[in-house]
Amino acid sequence: MANRIDIPLPDLTGKLVVVTGASDGIGQVIATRLVQAGAELVMPVRNAAKGASAADQIRRRVAGAQVTTRALDLSSLDSVAALTDELTREGRAINILINNAGVMTPPHRQLTADGFELQFGTNHLGHFALTLGLLPLLREGRARITHQTSVAARSGSINWNDLNWETSYDVMKAYSQSKIAVGLFARELDARSRAAGWGISSNLSHPGISPTNLLAAQPGLGRQKDTTEVRVIRALSRLGIVGTPDTAALPALLAATGADSQGDQFFGPKRQVGGGPAEQKLWPPLGNLNDANRLWEASETLVGLRFAY
């Protein structure tokens, strides 16, 4: 049965891990598993009450769990900077970062606080700024960084002439672009780390298909009820045709903790939509490192930051 698929995790006692999007769904499974392995968890969350409830659930499941929540809205660069400044002041090295949070297909084109198309701004640019803002702590912890992409990145492209989709907006193409960007950033980060000797590794994972809140009712996005797609996915999950949140969490956990996870690797379910985790062949939109470098440079310009590497 799909819900019996699992992988062992190493002892993570004494390790500090940061997981975005850990207040529900796949992210909460990832966070719980890391804490069960002994890690100390930082949960950056947009909704403080939801985050506190999720942290309490982890504490109830794991005796002695060390879990803290921090404020983070990935659609606001000011919020990202506030978190990176806070963690930098505390000075604790970070050993694992999992960039898992995301938004998907709002019912109409929406913008972040900084004027970016919501999916590109949240899924990619927010995590880009977060990761590079934490880079000194990640380097100190010789961190393993995992970036969560999506099956939507199997096809599509970066809309280089209009990254914010100001004309001819297509919500699914914009979502695909955001997840391709996640993958290209993951690859370029690993390449730059190897070239400069930063001591961090950067991998990419995708969860396949499973019932999460990405396509469920989200009034904050203007979606008042569950989509037809999420209702179908829930039914397919019950039948074992696609994954569950428990199995969908495994590729990211393998990328972040697996003994054979060395950097610039891609992990996902063996059947693409579900099943046990395994290393994957890169999808065509993720294969060009020239695109990865181009995206990095464009992203730095968009977020208005320059980093001392």
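If you read the sequence from its start, that first residue is 1, and numbering goes on from there.
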Is the shortest heavy-atom distance from the side chain of Arg142 to the side chain of Asn95 under 4.5 Å?
no
Do side-chain atoms of Ser176 reach the backbone of Ser155 as a donor and acceptor pair under 3.5 angstrom?
yes
Does a side chain donor of either Arg61 or Thr32 reach within less than 3.5 Å of an acceptor in the other side chain?
no
Of all the heavy-atom pairs spanning Ser193 and Gly199, show the shortest one and how long it is.
OG-N, 3.6 Å
Closest non-hydrogen atom pair, Pro136 against Gly133
CD-O, 3.9 Å
Indicate whether the side chain of Asn159 and that of Gln177 have a donor and an acceptor atom separated by less than 3.5 Å.
no
Restricting to salt bridge (charged side-chain N to carboxylate O under 4.0 Å, His left out), what partner residues turn up for Arg59, sequence neighbours left out?
Asp56
Residues at least two apart in sequence or cross-chain that pass salt bridge (charged side-chain N to carboxylate O under 4.0 Å, His left out) with Glu86, listed by chain then number, are Arg70
Suppose we screen for side chain to side chain contact (heavy atoms under 4.5 Å, CB included). Which residues come up paired with Ala278, at least two apart in sequence or across chains?
Lys270, Gln280
For residues 7-19, tabulate all N or O donor-acceptor pairs below 3.5 Å that involve a side-chain atom, not counting sequence neighbours.
from  : atom 1 : to    : atom 2 : distance (Å)
Asp11 : OD1    : Thr13 : N      : 2.9
Asp11 : OD1    : Thr13 : OG1    : 2.6

Worked verdict on Thr131 versus Asn99 for side chain to side chain donor-acceptor pair (under 3.5 Å):
CA-CA 8 Å; Thr131 304; Asn99 290 327; 3.0 Å; yes
Is any side-chain heavy atom of Phe116 closer than 4.5 Å to one of Leu111?
no
Could you list the donor-acceptor pairs under 3.5 angstrom formed between side-chain atoms of residues 122-130 and any protein atom two or more places apart in sequence or on another chain?
from   : atom 1 : to     : atom 2 : distance (Å)
Thr122 : OG1    : Leu118 : O      : 2.9
Asn123 : OD1    : Val103 : N      : 2.8
Asn123 : ND2    : Val103 : O      : 3.0
Asn123 : ND2    : Gln119 : O      : 3.4
Asn123 : ND2    : Ser178 : OG     : 3.0
His124 : NE2    : Ser299 : OG     : 2.7
His127 : ND1    : Asn123 : O      : 3.1
His127 : NE2    : Thr20  : OG1    : 2.9

Side chain proximity check, Arg144 to Ser261, heavy atoms < 4.5 angstrom
yes
Closest heavy-atom pair and its distance - Gln28, Gln57
NE2-OE1, 3.4 Å
What residues, two or more places apart in sequence or in another chain, satisfy ring-ring contact (aromatic ring centres under 6.0 Å, His included) together with Phe266?
His206, Trp283
Please report the shortest heavy-atom distance between Arg194 and Asp190, naming the atom on each side.
NE-OD2, 2.6 Å
Validation row: Asn47, Ser23 side chains within 4.5 angstrom (heavy atoms)
no
side-chain contact (heavy atoms from CB on, under 4.5 Å) with Leu34: which of Leu41, Leu253, Ile58?
Leu253
Tell me if a side-chain donor or acceptor on Gln110 pairs with a main-chain N or O of Glu117 at a distance below 3.5 Å.
no
Within the 4.5 Å heavy-atom criterion, are Thr146 and Leu204 side-chain neighbours or not?
no
According to salt bridge (charged side-chain N to carboxylate O under 4.0 Å, His left out), who are the partners of Arg294, at least two apart in sequence or on a separate chain?
none
For Asp264, all residues meeting salt bridge (charged side-chain N to carboxylate O under 4.0 Å, His left out), sequence neighbours excluded:
Arg187
Contact check, side chains of Leu132 and Thr84, non-hydrogen atoms, under 4.5 Å
no
Check whether any side-chain heavy atom of Pro269 lies under 4.5 Å from a side-chain heavy atom of Pro207, and answer yes or no.
no
Could you tell me which residues satisfy side-chain hydrogen bond (donor to acceptor under 3.5 Å, both in side chains) with Ser202, sequence neighbours excluded, listed by chain and number?
His147
Cation-pi check, Arg192 to Trp296: give yes when NZ or CZ is under 6.0 Å from the six-membered ring centre and within 45° of the ring axis, no otherwise.
yes
Keeping the roles fixed (side chain from Gln265, backbone from Asn203), state whether a donor-acceptor pair exists under 3.5 Å.
no
Co-membership, hydrophobic cluster, residues Leu97 and Val29, 4.5 Å side-chain:
no
With sequence neighbours excluded, what pairs up with Asn288 under the side-chain hydrogen bond (donor to acceptor under 3.5 Å, both in side chains) test?
none
Please answer whether the main-chain N or O of Leu163 pairs with a side-chain N or O of Glu166 as donor and acceptor at a distance below 3.5 Å.
no
Any sub-3.5 Å donor-acceptor pair from Thr247's side-chain atoms to Thr244's backbone N or O?
yes
Ion pair Arg92/Glu40, N-O distance below 4.0 Å:
yes
With heavy-atom distances below 4.5 Å as the criterion, would you say the side chains of Val35 and Val67 are in contact?
yes
Tell me, please, which residues at least two apart from Thr301 pass side-chain hydrogen bond (donor to acceptor under 3.5 Å, both in side chains).
none
Suppose we screen for side chain to side chain contact (heavy atoms under 4.5 Å, CB included). Which residues come up paired with Ser76, at least two apart in sequence or across chains?
Asp73, Asp78, Ser79, Ala113
Please check this pair: side chain of Ser150 against backbone of Ala153, looking for a donor-acceptor N/O pair closer than 3.5 Å.
no
What's the shortest heavy-atom distance between Asp114 and Ser75, and which atoms?
OD2-O, 3.8 Å
